[in-house]
Amino acid sequence: MDNSFNERVQQMLIQIVPFFMAIVFHEVGHGFIAKQWGDKTASDAGRLTLNPLVHIDPIGTVLIPVVNMVTGIPLLFGWAKPVPINPTRFRKYRQGLFWVALAGPATNVIMAFLSALFLCAFVKWAPEDFALYRPIAMMAAVGIQINFVLALFNLFPLPPLDGGKILESFLSYNATQVLRSVERYSFFILLALLWSGAFSVIERPVTFMTHLAMGIGQMVFNVNL
């Protein structure tokens, strides 16, 4: 087993915790806001929980991250099993659809900023000889990027991604049917875009937002990283 593979395994192990936190909070965010708009489907299904086992998707949570590791993609990528949502239960259909769809990416943005604050606080107060100092600091740093990546990726206007639902909330009935007709091909479209490197366009926004989050964290806790 070569060193490069060992390095990828170590890299994956560091990313597992922030990755699971990012995708689980993302789905819980959807379900929580859906409940506020009158749809208790996710709540009734027991999906408003932070237990990662409840949210595991065989493809998005297991297969895709493993493929990422094997192919050398530096940042774990994937998704959890979508929480069940019934928009017909929303008090107002379009507004509910918009805010519930936005809730997932918004939760990831909040998580990213919280990760930055945690990292800065940890570096300031945790002793460097603490046995888990480096792994925890690395997990927090990775958590910032993973959450920003997931937030921006999910805003891509393609069903069943959140961006597709946000777009749907503004479309007419006929336009919505056209958009939904694309959904059967979405998985293959996303794989093609992912492995072709097309999503590299989000690198600059992710870098900018990461620097912004870290800048705020350093200012709040008066540390230099």
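No chain of hydrophobic side-chain contacts below 4.5 Å, direct or via other Ile, Leu, Val, Met, Phe, Trp or Tyr residues, connects Leu167 to Leu97.
Inter-residue side-chain proximity for Val109 and Phe148 is flagged as met; some heavy-atom pair is nearer than 4.5 Å. Side-chain contact between His30 and Thr107 is absent, with no heavy-atom pair separated by less than 4.5 Å. Two residues are said to be in side-chain contact when any heavy atoms from C-beta on lie closer than 4.5 Å; Leu161 and Leu190 meet this criterion. Contact of the His26 side chain with the Asp162 side chain is registered, since non-hydrogen atoms from C-beta on lie closer than 4.5 Å. Using a 4.5 Å cut-off on side-chain heavy atoms (C-beta onward), His55 and Val28 make contact. Side chains of Ile59 and Ile64 form a contact here, defined as non-hydrogen atoms less than 4.5 Å apart.
Judged by distance alone, the side chain of Arg47 and the main-chain N or O of Lys81 form a donor-acceptor pair under 3.5 Å. The closest donor-acceptor contact from the side chain of Gln36 to the backbone of Phe32 lies under 3.5 Å. A distance-only check finds a donor-acceptor pair linking the side chain of Asn108 to the backbone of Ala22 [under 3.5 Å].
Other residues, nucleotides and ligands contribute over 12 non-hydrogen atoms within 6.0 Å of the CZ atom of Arg91. Other residues, nucleotides and ligands contribute over 12 non-hydrogen atoms within 6.0 Å of the NZ atom of Lys124. Counting heavy atoms of neighbouring residues, nucleotides and ligands inside a 6.0 Å radius, atom CD of Glu128 does not exceed 12 of them. Within a 6.0 Å radius of OH in Tyr185, other residues, nucleotides and ligands contribute 12 heavy atoms or fewer. The local environment of CG in Asn222 is sparse, with at most 12 non-hydrogen atoms from other residues, nucleotides or ligands closer than 6.0 Å. Counting non-hydrogen atoms of neighbouring residues, nucleotides and ligands closer than 6.0 angstrom, the CE atom of Met21 reaches no more than 12 such neighbours. Applying the 6.0 Å contact sphere to CH2 of Trp37 captures more than 12 heavy atoms from other residues, nucleotides or ligands.
A distance of 13.0 Å separates CZ of Phe98 from CZ of Phe90, quoted to the nearest 0.5 Å.
The side chain to side chain donor-acceptor pair (under 3.5 Å) test applied to Ser172 returns no partner, not counting sequence neighbours.
Considering all non-hydrogen atoms of both residues, Val83 and Gly31 come closest at CG2-N, 3.9 Å.
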Side-chain donor-acceptor pairs under 3.5 Å in residues 132-145, sequence neighbours left out?
none

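Ring centers of Phe221 and Phe118: at least 6.0 Å apart, outside the cut-off.
Listed by first and then second residue, the salt bridge (charged side-chain N to carboxylate O under 4.0 Å, His left out) pairs involving residues 173-188 are Glu168-Arg180 (not counting sequence neighbours).
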Evaluate the side-chain contact (heavy atoms from CB on, under 4.5 Å) criterion for residues Ile56 and Phe20: first the C-alpha distance (whole Å), next the side-chain angles of each, then the deciding distance (0.1 Å), finally the verdict. CA-CA 9 Å; Ile56 289 178; Phe20 268 91; 4.2 Å; yes
